[in-house]
Undergrad: 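Have a look at this one.
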2 protein chains.
Amino acid sequence: MKKYIPVLRRTQLFAGVGDEEILAMLDCLQVKAHSFRKGEYVFRQGEHIDDICILAEGRLSIQRDDYWGNRSIINMVETGEMFGEAYAAPGSEVMMNDVAAVEDSAVLFFNVKKILTTCSSACRFHSLVVQNLFFAISEKNRKLMRKLTHMSKRTTREKLLSYLSDEAKRQGRSSFEIPFNRQQLADFLSVDRSAMSSELGKMRDEGILTFQKNRFALL
Amino acid sequence: MKKYIPVLRRTQLFAGVGDEEILAMLDCLQVKAHSFRKGEYVFRQGEHIDDICILAEGRLSIQRDDYWGNRSIINMVETGEMFGEAYAAPGSEVMMNDVAAVEDSAVLFFNVKKILTTCSSACRFHSLVVQNLFFAISEKNRKLMRKLTHMSKRTTREKLLSYLSDEAKRQGRSSFEIPFNRQQLADFLSVDRSAMSSELGKMRDEGILTFQKNRFALL
DNA sequence: ACAAAACAGTTGTATTTACAACAGAAAGAA
DNA sequence: TTCTTTCTGTTGTAAATACAACTGTTTTGT
């Protein structure tokens with residue numbers, strides 16, 4: 001478990017917690033690690049979840065496919081980010097989405113009940129971690145709301161501009177990379193890939209933006 | 001404050017907390033109440049928020065208007081529900097939406113820092129309330145994700161069916177009321193009201209559903 | 001280096017939507 | 001009641017989208 005400390009140190013969940021305490025908690029919480037190859041599923045729609053998960057390595061896609069094979073990407077999970085927490089809460093319904101590895105990945109599983117129940121031993125950081133959990137899930141909440149504002153736009157162009165300008169603002173610069181290829185971006189914004197591609201071309205011709213691969217610049 | 005006990009007793013935030021303890025906490029947390037008339041704003045886009053809010057009476061709409069006057073309704077808040085918690089967390093950005101009273105309403109304001117910081121007096125329920133806060137925000141998270149699945153549908157008909165069948169499932173019956181009139185439902189699903197109205201008519205003619213006012217039945 | 005697969009852009013067509021304008025029904029106010 | 005406002009459904013048209021098919025490019029695996 002020790003090899004994951006450099007990642008965990010930087011996570012929201014363990015903000016303000018020292019290395020030794022993290023190690024102690026990993027032990028106390030009986031954290032489990034598991035590897036996934038590119039394309040494998042971490043969770044499937046309909047599964048019941050008891051664990052809060054942290055991505056220690058790689059990249060995941062939280063997505064959903066409907067009857068007709070239309071894929072909708074809810075979010076990308078980057079190294080160090082948490083996921084699954086919304087479904088791990090006691091009384092939660094089952095997982096509504098798939099979680100798939102888009103790269104070879106490693107995931108750490110934390111049992112929610114153990115996190116929420118202060119143990120008797122030296123884990124005096126439990127209450128801090130619970131607070132961190134609250135902050136983290138708050139931020140995720142806001143992220144979902146931002147995504148809703150993109151999705152509520154009517155046209156492909158508006159959705160693109162809403163997302164890209166938000167991303168520029170978030171990354172604090174007008175030139176930035178996005179964690180999607182074209183098909184993934186289309187699935188994320190729920191638009192047709194080819195229509196989106198042509199719309200991007202038009203916007204480039206109009207001098208609104210430029211792009212190469214997954215690097216965009218707003219002008 | 002005593003008059004709000006019957007409402008607060010049933011909230012997620014105070015689940016498992018007795019009446020006397022709630023009263024003690026209201027005092028300890030220096031909770032404030034405020035009334036809003038129909039049409040008034042509780043919060044406005046861009047405001048900074050330090051309080052978790054509970055709607056003690058009435059009904060609110062969490063919404064957003066863009067430059068061109070297009071309104072997007074994120075969610076309706078019913079009596080007893082919590083709101084604002086995602087923006088009240090320390091380090092949060094400012095409010096991204098408007099919160100407007102759609103009926104005469106009363107709101108209770110709880111300072112987040114006071115909730116998260118266990119005080120020295122008799123409020124030994126603080127940790128339970130923090131846990132409740134986590135469960136509540138988890139549920140809201142799932143609600144947002146469900147909304148995203150509706151919004152990710154491409155056509156008005158699919159959005160309607162996604163939302164209505166979800167609502168039927170949630171309420172546990174095939175005949176149910178929704179908290180929207182037609183314009184609000186259109187703003188909630190981000191579609192054109194008239195197109196939605198005509199789509200509803202077609203679906204009724206096809207025998208998929210029936211409706212009178214805001215009561216729908218799936219067949 | 002080569003073949004296969006994945007990726008990105010383009011175009012044409014049928015479908016669907018947004019928008020505007022209007023009419024009747026229902027709800028609310030005087 | 002009567003008048004006014006809000007709400008809901010309908011229709012026609014211009015605009016935007018989804019879908020399919022295809023091309024050339026890039027990436028990947030062997």
Side-chain angles (χ1 to χ4, degrees), chain A residues 37-39 59 61 65-73 100-104 150-162 164 177-206 209-216, chain B residues 37-39 61 66-73 100 102-104 150-162 164 177-206 208-216:
Chain A
R37 316 226 80 188
K38 177 177 176 174
R59 207 145 64 94
S61 167
D65 300 319
D66 69 13
Y67 292 123
W68 300 274
N70 295 315
R71 173 162 296 173
S72 172
I73 294 180
V102 291
E103 297 172 6
D104 290 352
H150 307 146
M151 302 276 297
S152 69
K153 299 286 187 279
R154 307 301 174 84
T155 66
T156 299
R157 173 177 291 222
E158 282 180 310
K159 283 179 185 164
L160 279 168
L161 284 175
S162 178
L164 292 173
E177 290 188 0
I178 64 172
F180 301 113
N181 64 29
R182 292 293 181 276
Q183 183 63 62
Q184 289 168 335
L185 179 57
D187 289 342
F188 181 74
L189 296 177
S190 285
V191 297
D192 182 67
R193 181 195 61 77
S194 64
M196 186 188 79
S197 208
S198 102
E199 197 64 38
L200 279 172
K202 283 183 206 162
M203 288 161 82
R204 182 190 49 208
D205 296 344
E206 293 174 25
L209 49 73
T210 63
F211 53 88
Q212 312 91 40
K213 290 202 179 189
N214 66 334
R215 168 164 287 279
F216 288 76
Chain B
R37 316 225 80 188
K38 177 176 176 176
S61 167
D66 69 14
Y67 291 123
W68 301 273
N70 295 316
R71 173 162 296 171
S72 172
I73 294 180
V102 291
E103 297 172 8
D104 291 353
H150 308 145
M151 303 274 299
S152 70
K153 299 288 186 281
R154 308 300 174 84
T155 66
T156 299
R157 171 176 293 223
E158 282 179 311
K159 283 179 185 163
L160 278 168
L161 284 175
S162 179
L164 291 174
E177 290 189 0
I178 64 172
F180 301 113
N181 64 29
R182 293 291 181 279
Q183 182 64 62
Q184 289 169 334
L185 179 57
D187 290 342
F188 180 75
L189 296 176
S190 285
V191 297
D192 181 67
R193 182 195 60 78
S194 63
M196 185 188 80
S197 209
S198 103
E199 199 63 39
L200 279 173
K202 282 184 206 162
M203 289 162 82
R204 183 190 47 208
D205 297 344
E206 293 174 25
I208 296 174
L209 49 74
T210 62
F211 53 89
Q212 312 89 42
K213 291 200 180 191
N214 66 334
R215 169 164 287 279
F216 288 77

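Below, chains carry the letters A, B, ... as their sequence lines are ordered, and counting in each starts from 1.
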Undergrad: C:dA8, OP1 or OP2 - any side-chain N/O from A:R193 closer than 4.0 Å?
TA: no
Undergrad: Rounded to whole angstrom units, what separation is found between the CE atom of B:M196 and the P atom of D:dC7?
TA: 13 Å
Undergrad: Mind checking if A:N181 touches a base, just sugar-phosphate, or nothing, with heavy atoms under 4.0 Å?
TA: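 If one applies the 4.0 Å heavy-atom cut-off, A:N181 turns out to touch the sugar-phosphate alone, with no base involved.
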Undergrad: Minimum heavy-atom separation for B:L200 to B:L209, with atom names?
TA: O-CD1, 4.2 Å
Undergrad: Assign each of A:R154 and A:L200 to its nearest nucleotide of DNA chain C by heavy atoms, then name whichever residue's nucleotide is nearer the 5' end.
TA: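 The 5'-side residue here is A:L200.
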Undergrad: Between D:dT11 atom P and B:D192 atom CG, what is the distance in whole Å?
TA: 15 Å
Undergrad: Whole-Å distance between D:dA15 C1' and A:K153 NZ?
TA: 19 Å
Undergrad: If you pin A:K213 and A:S198 to their nearest nucleotides in DNA chain C, which one's is more 5'?
TA: A:K213
Undergrad: Rounded to the Å, how far apart are B:K38 NZ and C:dA27 P?
TA: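 So the two atoms are 13 Å apart, to the nearest Å.
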Undergrad: Nearest whole angstrom, please: distance from the C1' of D:dT17 to the NZ of A:K202.
TA: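 Between C1' of D:dT17 and NZ of A:K202: 10 Å.
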Undergrad: For A:E158 and D:dA16, what is the distance between atoms CD and C1' respectively, to the nearest whole Å?
TA: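 After rounding, the gap between these two atoms is 11 Å.
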Undergrad: On DNA chain D, nearest-nucleotide positions of A:S194 versus A:T155: which is more 5'?
TA: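 Result of the comparison: A:T155.
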Undergrad: If you take atom types as modelled and just measure distance, does the side chain of B:R204 reach the base of D:dG9 with a donor-acceptor pair under 3.5 Å?
TA: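 There is none.
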Undergrad: Classify B:S197 by what it touches in the nucleic acid, base, sugar-phosphate, or nothing, heavy-atom distance under 4.0 Å.
TA: base
Undergrad: How close or far is atom P of C:dA27 from atom CD of B:E103, stated in whole angstroms?
TA: 16 Å
Undergrad: Show the nearest heavy-atom pair for residues B:E177 and B:R215, with the distance to one decimal.
TA: CG-NH2, 3.5 Å
Undergrad: Any donor-acceptor pair under 3.5 Å joining the side chain of A:T156 to the base of D:dA16?
TA: no
Undergrad: So which atom in B:Q184 and which in B:P179 form the shortest heavy-atom distance, rounded to 0.1 Å?
TA: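 Closest heavy-atom pair between B:Q184 and B:P179: OE1-O, 4.0 Å.
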Undergrad: Rounded off to whole Å, could you give me the NZ-to-P distance for the B:K159 and C:dT16 pair?
TA: 14 Å
Undergrad: Please check: side-chain N/O of A:N214 versus main-chain N/O of A:F180, any donor-acceptor pairing under 3.5 Å?
TA: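 No, A:N214 side chain to A:F180 backbone: no donor-acceptor pair under 3.5 Å.
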Undergrad: Taking only the side-chain nitrogens and oxygens of B:R182, find out if one of them lies under 4.0 Å from OP1 or OP2 of D:dG9.
TA: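 Yes, because at least one side-chain N or O of B:R182 sits under 4.0 Å from OP1 or OP2 of D:dG9.
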Undergrad: Minimum heavy-atom separation for B:R154 to B:E158, with atom names?
TA: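 B:R154 and B:E158 have their closest heavy atoms at N-OE1, 3.5 Å.
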